[in-house]
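Just below is one structure, and these are the notes that go with it.
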Amino acid sequence: MAHDSREATAAAGLTPDAWSRIAFLEAPVCDGCGAAFDYDGGAFAQDRCAACLAQPNLFQRTRAACVYDEASRGLILRYKHGDQQQFAPLFARWIGRAAADLLAEADVVTPVPLHPFRLLSRRFNQAAEIARPLARTAGLDYGPDALIRAARTDSQGGKSRRGRRLNVSKAFAVTEAGRRRIKGRRILLVDDVLTTGATAEACARALLDAGARGVDLAVIARVRNAREVSM
């Protein structure tokens, strides 16, 4: 199903029909994982879902621009695997709106890194292409070299939540230059899609161990449902 016309693609925009199919995430959302709440509970409602209260992530807060579903999947995959980098500024604007409160408190914007072999085959880091304009627009420090993917891991696709966590548990490291950049500062970590949170968790652990004051997460899209407590 086409998401946009040739003209809209060239301009990195969406036709009205394609735009109407995107399920943008609006408040109220869980502060911890960014999943939508079914209803607004009012002034006395919890700001986190049951899963995040039971098992908090190392990244403290999450914002996602939209739901990862049939309407958004094709657009994101075309950007990620189809070498259509013209969508990066559009996604940066989406995240800038969804994560405005996190950007207001951040010091450094850092993309989730790719392993060099993956970068060679893909030719660009999709998270970095979003994080760069996001940092520039917000007037924040951009830290593309803060994190490296030190280990080449298998694809996360098809793995259970536990399998995903084991797959990336020691995959990321902070560079010496990155350590100086992030020490005592609040980091906004940027990625494309949030599923189980395993990759973001591994990145947050490396950043916090290296002295970051805190880590928040911003993504283009996240799966619809919050994490299951039993997972």
Inset, instruction - Tell me, please, which residues at least two apart from Arg185 pass salt bridge (Lys or Arg N to Asp or Glu O under 4.0 Å). - result: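 Residues passing salt bridge (Lys or Arg N to Asp or Glu O under 4.0 Å) with Arg185: Asp141.
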Inset, instruction - Report the residues that fulfil salt bridge (Lys or Arg N to Asp or Glu O under 4.0 Å) with Arg179, sequence neighbours left out, ordered by chain and then residue number. - result: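 Partners of Arg179 by the salt bridge (Lys or Arg N to Asp or Glu O under 4.0 Å) criterion, ordered by chain and then number, come out as Glu176.
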Would you say that [X] contacts [Y] through its side chain, given a criterion of any heavy-atom pair below 4.5 Å between the two side chains?
| X | Y | answer |
| --- | --- | --- |
| Phe87 | Glu129 | no |
| Leu189 | Asp191 | no |
| Val108 | Arg181 | yes |
| Cys33 | Arg222 | yes |

Legend entry - Residue pair Asn57 / Gly32: nearest heavy atoms and the distance that separates them: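 Result for this residue pair: ND2-O, 4.3 Å.
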Legend entry - Smallest separation among heavy atoms of Ala200 and Leu217, with atom names: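 For Ala200 and Leu217, the tightest heavy-atom pair comes out as CB-CD2, 3.7 Å.
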For the atom pair [atom1] ([X]) and [atom2] ([Y]), what is the distance rounded to the nearest 0.5 Å?
| X | Y | atom1 | atom2 | value |
| --- | --- | --- | --- | --- |
| Asp209 | Leu207 | CG | CG | 9.0 Å |
| Ile182 | Leu147 | CD1 | CG | 7.0 Å |
| Leu103 | Thr137 | CG | OG1 | 9.5 Å |
| Leu134 | Leu140 | CG | CG | 8.0 Å |
| Arg21 | Leu75 | CZ | CG | 10.0 Å |
| Thr199 | Leu194 | OG1 | CG | 9.5 Å |

side-chain contact (heavy atoms from CB on, under 4.5 Å) with [X]: which residues, sequence neighbours excluded?
| X | answer |
| --- | --- |
| Leu58 | Glu201, Ala204, Arg205, Leu208 |
| Val193 | Tyr68, Ile76, Thr195 |
| Ala131 | Val109, Pro111, Tyr142, Val190 |
| Ala100 | none |

Inset, instruction - Can you label the angle between the Trp19 ring and the Trp94 ring as parallel, tilted or perpendicular, going by 30° and 60°? - result: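 Geometry flag for Trp94 against Trp19: perpendicular rings.
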Treating [X] as the side-chain partner and [Y] as the backbone partner, does any N or O pair qualify as donor plus acceptor under 3.5 Å?
| X | Y | answer |
| --- | --- | --- |
| Thr175 | Asp145 | yes |
| Asp17 | Ser20 | no |
| Ser72 | Ile22 | no |
| Arg224 | Val67 | no |

Inset, instruction - Give me the one residue out of Val112, Asp192, Ile220 that meets side-chain contact (heavy atoms from CB on, under 4.5 Å) with Gln126. - result: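 It is Asp192, the one option of Val112, Asp192, Ile220 that forms the side-chain contact (heavy atoms from CB on, under 4.5 Å) with Gln126.
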Inset, instruction - Determine, for Arg73 against Glu70, whether the closest basic-nitrogen to carboxylate-oxygen distance falls under 4.0 angstrom. - result: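 The answer is no: the pair does not qualify as a salt bridge.
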Just jot down the side-chain hydrogen bond (donor to acceptor under 3.5 Å, both in side chains) partners of [X], sequence neighbours excluded, or say none.
| X | value |
| --- | --- |
| Arg213 | Asp107 |
| Asp101 | Arg63 |
| Arg186 | Gln60, Asp216 |

Hydrophobic cluster membership, [X] vs [Y], 4.5 Å side-chain cutoff:
| X | Y | value |
| --- | --- | --- |
| Phe24 | Ile95 | yes |
| Leu188 | Val29 | no |
| Ile148 | Phe172 | no |

Legend entry - Set of residues satisfying ring-ring contact (aromatic ring centres under 6.0 Å, His included) with respect to Phe59, sequence neighbours excluded: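 Scan of Phe59 (ring-ring contact (aromatic ring centres under 6.0 Å, His included), adjacent residues dropped) gives none.
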